[in-house]
Amino acid sequence: EQQQQQSTRPTYLGLDFSTQQLKAVIVDDDLAVLHETNVQYDNDLPEFRTYGGVLQTKAEPNVVTVPSLMWVKALDMIMDRLRVCGVDFSRVAAVSGSAQQHGTVYWAKGARKTLGNLDPDKFLHEQLVSVFSVTPAPIWMDSSTSLECRQLEEAVGGPERMAEITGSRAYERFSGPQIAKIYKKRPEAYEATERISLVSSFAASLFLGDYAPIDWADGSGMNLLDLRSKDWRDELLEACAPGLRDRLGPSVSSSSDCGPIAKYFVERFGFDDRCRVVAFTGDNPASMAGLRLSREGDLACSLGTSDVLFLWLNEPKVVGEGHVFCNPVEDEAYMAVLCSKNGSLTRERIRNSAAGGDWKIFNELLDNTPRGNFGNCALYLDQREIAPAAVGDHRFNKANDRVGRYSSKEVEVRALVEGQFIGRRAYAEDFGFELGRRTRIIATGGASANQAILQVLSDVFNAPVYVAETPNSAMMGGAYRAKHALRKNELSFEQVLESLPEPRLVCRPYDDANSIYAPMVERYRSLVERILAEQA
Ligand SMILES: O=C(CO)[C@@H](O)[C@H](O)CF
């Protein structure tokens with residue numbers, strides 16, 4: 001009986017077209033994983049000759065592309081792998097997903113007709129081989145559009161204005177500059193293009209059997225969308241190419257139900273024709289959803305080679321180098337993605353120099369020093385950092401005198417970890433993130449397994465730290481958003497997630513934490529000003 005009941009409850013399909021692989025997951029109505037599988041582009045689709053999922057040539061090292069048809073064939077393959085897993089597609093109530101941001105896919109005139117009349121007895125890739133007016137597709141690793149970036153910024157009055165309107169200053173990898181380059185270099189191909197998709201809306205189009213709209217969150221990564229009006233900014237469209245608004249189509253809420261699944265999938269895989277296609281979005285907004293940021297005060301800290309902060313914001317305040325996107329699960333809110341390059345590799349460098357390469361010793365040294373580190377404060381920047389735009393080791397004592405080294409290994413280790421998180425807190429507050437009693441930190445990534453490091457994170461932000469056991473957060477975000485979009489009239493995203501087990505609380509801040517670290521954040525800002533002045 002229970003088994004019988006289970007088999008009629010809805011499931012949800014989430015996919016992530018990331019840079020190196022396509023991942024898919026089927027979750028049940030409680031969002032628990034039933035099946036998951038993946039397709040590795042390099043190994044499973046060698047005919048496209050990608051390396052790390054991309055194409056690059058020695059002749060033009062800053063041009064990076066992906067054959068658009070590879071993503072189509074990867075979908076053919078993963079659908080077959082899901083079928084082999086025994087997935088019952090007739091139970092799937094909605095499909096959604098994510099993809100690497102910024103990449104652009106160019107559909108040729110007539111493609112829409114082909115997309116809407118696919119033969120269920122054939123693979124998608126056999127039928128879509130000729131629908132692209134421009135292929136391979138430029139993707140986020142491309143950095144060949146600096147000239148176009150300047151032109152776009154000029155069109156709106158400079159980088160700060162660009163950031164204020166679209167959430168970021170112009171970046172080479174962003175879709176607007178990429179489209180401007182295509183129009184300039186290959187006007188005939190642009191002319192032959194009837195629709196331009198992001199990788200995310202391209203993936204949704206395959207399931208929809210029609211052009212899927214670009215969603216607001218991933219659209220925020222194009223330098224074309226006005227974050228507040230949620231509409232394309234005409235002066236930016238015109239600065240890229242003529243007739244661009246028609247080629248982009250409308251932008252929609254990231255929790256939009258775009259329509260029923262294409263009959264191709266009903267007839268070939270046995271999907272119910274009532275299965276809905278929910279807007280796909282960018283991998284970073286999807287990760288934020290997969291990490292379960294679901295309300296004001298939430299932030300996630302991914303502690304990896306780079307440390308990435310995901311912030312839930314109420315206002316789209318942009319500062320310098322960060323990115324603000326429309327929020328993928330709350331239409332009135334925003335999100336920020338702040339990347340710090342000096343993450344785990346720098347932690348490992350200090351582990352090697354101060355703790356003999358041993359994390360156990362590193363943690364003992366960290367635990368043996370008081371919060372505030374006797375007033376010592378430092379920045380360790382192996383690579384030129386994004387914020388602050390500085391490089392090198394900068395150690396200061398409690399009198400704010402610069403010192404060449406610290407007397408003890410304990411002080412060095414704590415100065416590294418406190419300095420990193422004080423810097424992340426200063427950066428987050430620059431974006432208007434307000435720390436308060438509702439602040440919740442979700443930690444993920446390699447270093448989130450280190451309790452001593454998380455305790456410092458908790459103290460510096462004066463907030464509890466939970467650990468998300470969610471590898472593949474972008475893929476999971478796709479599945480969670482599929483359910484949320486169907487239920488959004490009666491359930492908030494936070495309520496949809498309630499069926500999941502509580503995230504694990506790992507540590508809380510000490511009572512004296514904020515009295516120690518709030519003043520250190522101010523000290524940090526003045527020290528950074530000194531460093532930048534010295535390096536100017
Ligand atoms: O460029 C990025 C975000 O701005 C990357 O995180 C890509 O989305 C990775 F696919």
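What you are looking at is a predicted structure, and each value in this text was computed from that prediction instead of being measured. Indexing begins at 1, ligand by ligand and atom by atom, following the structure's order.
Checked against a 3.5 angstrom limit, the closest N/O atoms of W140 and ligand 1 fall outside it. For ligand 1, one of its N or O atoms has an N or O atom of D283 under 3.5 Å away.
Looking at V337 against ligand 1, nothing comes within 4.0 Å, counting heavy atoms.
Classified by interplanar angle (parallel below 30°, tilted 30° to 60°, perpendicular above 60°), the ring pair Y264/F269 is perpendicular.
Counting the atoms of ligand 1 from 1 in the order shown, those under 4.0 Å from a heavy atom of Q100 are 10 (F). Residue-ligand proximity, H102 to ligand 1, at heavy-atom distances under 4.0 Å covers atoms 1 (O), 2 (C), 3 (C), 4 (O). Close approach to N284 involves these atoms of ligand 1, each under 4.0 Å from a residue heavy atom: 3 (C), 5 (C), 6 (O), 8 (O). Close contacts of ligand 1 with T19, meaning ligand atoms under 4.0 Å from a residue heavy atom, involve 10 (F).
The protein heavy-atom contact nearest to atom 1 (O) of ligand 1 is R173 NE, 2.8 Å.
Other residues, nucleotides and ligands contribute more than 12 heavy atoms inside 6.0 Å of the CD atom of E47. Sparse packing is recorded around CD of E60, with 12 or fewer heavy atoms of other residues, nucleotides or ligands lying under 6.0 Å away. Few gaps surround OH on Y211; more than 12 heavy atoms of other groups in view lie less than 6.0 Å from it.
T166 places a side-chain N or O within 3.5 Å of a backbone atom of M162 that can act as its donor or acceptor partner.
The distance between the ring centers of F207 and F265 falls below 6.0 angstrom.
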